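This structure is a prediction, so every number in the text was calculated from the model and none was measured. The basis for the numbers below is simple: all heavy atoms, side chains too, and nothing from hydrogens, waters or symmetry mates.
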Amino acid sequence: MNGGNAAELPIFTRRRVAQTTLLVLVVLVAIYFLFPRLVGLGDALGKLSEADLLWVAVAIAFNVVAIVTYIALFKAVVGGDALPLTWKETYEINMAGVAATRLFSAGGAGGIALTYWALRKAGMERRDVARRMVAFLTLHYAFYPIALIVFGILLRTHVLPGDAPFGGTVVPAIVSSIVIALFLLIALIPQDVERRIQRFAGGYRRTRYLTRLAKGPATLATGVRTAIAYVRHPRRGALAVGGAVGFWAANIGVLWASFEAFGGDVPFAVLVQGFFVGMAANLIPSPFGGVGSVDAGMIGAFVLFGIDESIVFPAVLTYRVIAFWLPIPPGVVAFFQLRNTVSRWEAERAEKSPPEAYTSQSKVMSGSG
């Protein structure tokens, strides 16, 4: 692993935090003040005073469970037998990654970059980091398309009660089926694809180019197979699968309690389907982790399912405040704790290096003498 200063990833600089804070405030004003007034719903933030605080407390408790299960999933897949991370170190990496994701990039890219940096600093090889991260993300998001298919079908066939618009049930189910099929096909990429390319490709330059090109699909396939292995072996994968299921279940619990806080009686299947359909807006490019796009997507999803707009706005706002914003301050703190942890890792390696270098140098000198 390459050495280097722990400050190689200066995500939380004062200037960047100030810029992000300003942009977030502008988007929040647009979503929760201007947009509700344009559609005749008044000030959505003003409705927060009507919330039942007991249900708000329940939502916060569910969010704590979501954080714990997310950390458990990470430790099971990325840590565990691959890297002896303590629970404290796992917490720091994950919470710092959460803050980086939500403040500085869309689709989780900021958190992925920070996690990669931390794992490399912890001593994990570059390719193993990539494989483990692919397995972690695959297992984490696997239940997303599965839920869209299951609840989309159950709603559309009226097995479960609730409105079942074509665009909110059938379309997501079809797209999710395609995504699952693609990942299953990726898992079929041979494990020795690079060796096969080296055998059949002619010419040194051509072989090197094709081998490099094959590294991405090969790593992706290995990661997907690793994720599938956790599901196929319950004893080995109990913590990982439980963490993945628990994370999504707890997030839906946060949303359920948020609706209940405003007297919203949302059918269970609609709650689940609306949640996942709305969260798909996180894929829309945003400079800071889906702020605005997810809010609007989730509001639009529940309006599509026929939920009263006067309940949707404050409920989604409450959900986003608890699930999205509350973890950010401890995440920023965890980032600085992680920097200290990385410095400790590097100091420990530095203590081991001089004796080894001295021994090697002594052997060379004695051999030349």
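Here L317 contributes atom CG and I299 contributes atom CD1; the two are 8.0 Å apart, rounded to the nearest 0.5 Å. To the nearest 0.5 Å, the span separating CG on L220 from CZ on R225 amounts to 10.0 Å. The line from CG of N251 to CZ of F324 is 12.0 Å long, rounded to the nearest 0.5 Å. Remark: L139 CG to Y230 OH distance equals 8.5 Å, nearest 0.5 Å. Between the CG atom of N94 and the CG atom of L73 there is a distance of 8.5 Å, given to the nearest 0.5 Å. Between the CD atom in Q273 and the CG atom in L154 there is a gap of 9.5 Å [rounded to 0.5 Å].
In plain terms, the two heavy atoms of A99 and G331 that are nearest each other are CB-C, 3.7 Å.
With sequence neighbours left out, E89 forms a salt bridge (charged side-chain N to carboxylate O under 4.0 Å, His left out) with R344.
The shortest distance between side-chain heavy atoms of F305 and L271 does not fall below 4.5 Å. V277 is listed as a side-chain neighbour of L148, based on a closest heavy-atom distance under 4.5 Å. Within the 4.5 Å cutoff, the side chain of Y91 has no heavy atoms near those of the L338 side chain. Annotation: side chain of Y319 is in contact with side chain of F275 (closest heavy-atom distance under 4.5 Å). Residues F62 and L255 form no side-chain contact, since every pair of their non-hydrogen atoms from C-beta on lies 4.5 Å or further apart.
For the pair R156 and F166, the cation does not sit on the ring face, since its NZ or CZ is not both under 6.0 Å from the ring centre and inside 45° of the axis. Taking the ring axis of F336 as reference, the NZ or CZ atom of R339 does not stay both within 45° of it and closer than 6.0 Å to the ring centre.
Pairs passing the ring-ring contact (aromatic ring centres under 6.0 Å, His included) check and including a residue from residues 250-270, sequence neighbours excluded, read W55-W256, F151-F268, F259-F302.
Under a cut-off of 6.0 angstrom, the local environment of OH in Y144 is crowded, with over 12 non-hydrogen atoms contributed by other residues, nucleotides or ligands.
In this structure, the ring of F136 has its center less than 6.0 angstrom from the ring center of Y70.
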